[in-house]
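Quick note: numbers below take in every heavy atom, side chains included, and nothing from hydrogens, waters or symmetry partners.
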Amino acid sequence: MWFVLLAKAYGDLGSEMLLFPFSKVTVKARIVVYGAGTFGRTVKEYCDRHQDIEVAGWLDQHYMTYRKQGLDVVSPHILKDLEFDVVVIAILNEASAVQIKNEMVKVGIPGDKIDWVRQDILESVQLPGWVKVG
């Protein structure tokens, strides 16, 4: 269910967070989006339209595949060279996102500058009335 909501109805979730479900993103934050799949594209497009968020980079391990599709995605290896406030890991599988976070920390990215989709945050949000659960 979350995949469909986050990918297809992102703007309808009505969260108080500037960039749901990434609580570390604040007004005028310079962010790096990690992930160019369906949810990563949704997050990137949302940020591009939002005047209070600046995208400092868009990264994905499979960047060459996405570049062939015309997307401006680059290698994660440049992350340490970018100036940013927060990296948002736009991958819905929490275990995969945590693994990516841990790899970032290993190469020197401070853990407090990394945010990912956490189940506890998803569960705390009131869903729009048109969503039928159960």
Side-chain angles (χ1 to χ4, degrees):
M1 172 183 70
W2 277 110
F3 175 79
V4 173
L5 283 173
L6 292 172
K8 302 297 182 189
Y10 189 75
D12 296 332
L13 292 177
S15 169
E16 292 183 14
M17 290 179 206
L18 182 61
L19 182 62
F20 178 79
F22 305 105
S23 60
K24 294 182 181 182
V25 176
T26 58
V27 172
K28 301 298 181 192
R30 291 171 300 158
I31 70 162
V32 172
V33 177
Y34 184 101
T38 303
F39 183 52
R41 290 178 197 200
T42 300
V43 169
K44 171 72 165 61
E45 290 169 7
Y46 179 85
C47 292
D48 286 345
R49 292 189 314 267
H50 203 293
Q51 64 186 13
D52 288 330
I53 304 171
E54 175 188 340
V55 178
W58 190 16
L59 316 176
D60 194 283
Q61 178 180 355
H62 304 289
Y63 69 99
M64 289 302 294
T65 299
Y66 295 113
R67 289 188 73 77
K68 289 177 184 174
Q69 297 172 15
L71 300 175
D72 191 24
V73 181
V74 296
S75 170
H77 294 103
I78 71 156
L79 180 59
K80 61 187 174 295
D81 300 324
L82 297 174
E83 290 187 34
F84 61 91
D85 299 308
V86 181
V87 177
V88 296
I89 301 174
I91 295 174
L92 294 176
N93 181 302
E94 187 171 6
S96 296
V98 168
Q99 183 177 9
I100 292 165
K101 173 199 173 274
N102 291 339
E103 291 297 320
M104 289 178 181
V105 170
K106 282 182 190 175
V107 298
I109 305 302
D112 64 342
K113 292 182 82 170
I114 305 170
D115 207 352
W116 65 98
V117 179
R118 293 186 308 275
Q119 194 65 36
D120 60 324
I121 290 179
L122 295 179
E123 291 171 356
S124 71
V125 173
Q126 183 168 349
L127 296 173
W130 51 264
V131 174
K132 304 291 184 219
V133 180

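- Shown here is Glu83, whose CD atom has no more than 12 heavy atoms of other residues, nucleotides or ligands within 6.0 Å.
- Applying the side-chain hydrogen bond (donor to acceptor under 3.5 Å, both in side chains) test to Gln51 and every residue at least two apart in sequence or in another chain returns nothing.
- Once rounded to the nearest 0.5 Å, the distance linking NZ of Lys80 with CD1 of Ile109 reads 8.0 Å.
- For the atom pair Tyr66 OH and Leu71 CG, the distance stands at 8.5 Å (nearest 0.5 Å).
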Steps toward side-chain contact (heavy atoms from CB on, under 4.5 Å) verdict (Lys113, Val86): CA-CA 5 Å; Lys113 292 182 82 170; Val86 181; 5.7 Å; no
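- Contacts of Arg67 classified as salt bridge (charged side-chain N to carboxylate O under 4.0 Å, His left out), with partners at least two apart in sequence or in another chain: Asp72.
- Considering only residues two or more places apart in sequence or on other chains, Lys44 meets the salt bridge (charged side-chain N to carboxylate O under 4.0 Å, His left out) condition with Asp48.
- Applying the side-chain hydrogen bond (donor to acceptor under 3.5 Å, both in side chains) test to Asn102 and every residue at least two apart in sequence or in another chain returns nothing.
- Partners of Glu45 according to the salt bridge (charged side-chain N to carboxylate O under 4.0 Å, His left out) rule, which considers only residues two or more places apart in sequence or in another chain, do not exist here.
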What donor-acceptor contacts under 3.5 angstrom involve side-chain atoms of residues 53-60, with partners at least two apart or in another chain?
| from | atom 1 | to | atom 2 | distance (Å) |
| --- | --- | --- | --- | --- |
| Trp58 | NE1 | Gly35 | O | 2.8 |
| Asp60 | OD1 | His62 | N | 2.8 |
| Asp60 | OD2 | Ala36 | N | 2.8 |

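- Contact between Phe84 and Leu82 at its shortest, heavy atoms only, is CD2-O, 3.4 Å.
- Note on residues 91-103: pairs passing salt bridge (Lys or Arg N to Asp or Glu O under 4.0 Å), not counting sequence neighbours, are Glu103-Lys106.
- For the pair Val33 and Ile31, the tightest heavy-atom approach, listed with the atom from each and the gap, is CG2-CD1, 3.8 Å.
- When all heavy atoms of Pro76 and Tyr63 are compared, the pair lying nearest together is CD-CD2, 4.4 Å.
- You'll find the side chain of Leu79 reaches within 4.5 Å of the side chain of Val87, heavy atoms only.
- Listed by chain and number, the residues in a side-chain hydrogen bond (donor to acceptor under 3.5 Å, both in side chains) with Ser75 are His77 (sequence neighbours excluded).
- Atoms CH2 and CD1, from Trp116 and Ile100 in turn, are 12.0 Å apart once rounded to the nearest 0.5 Å.
- Every side-chain contact (heavy atoms from CB on, under 4.5 Å) that Asp85 has, sequence neighbours left out, goes to Ala29, Arg30.
- The distance from atom OH of Tyr34 to atom CD of Gln61, rounded to the nearest 0.5 Å, is 5.0 Å.
- Residue Phe22 comes nearest to Ile89 through the heavy atom pair CE2-O, 3.5 Å, listed as atom of the first residue, atom of the second, then distance.
- Minimum interatomic distance between Ile91 and Ser96 (heavy atoms only, all atoms of both residues): CG2-CB, 4.3 Å.
- Nearest heavy atoms, Val43 versus Ala90: CG2-CB, 4.1 Å.
- Of the possible polar contacts, none joining the Asp52 side chain to the Val27 backbone as a donor-acceptor pair under 3.5 Å is found.
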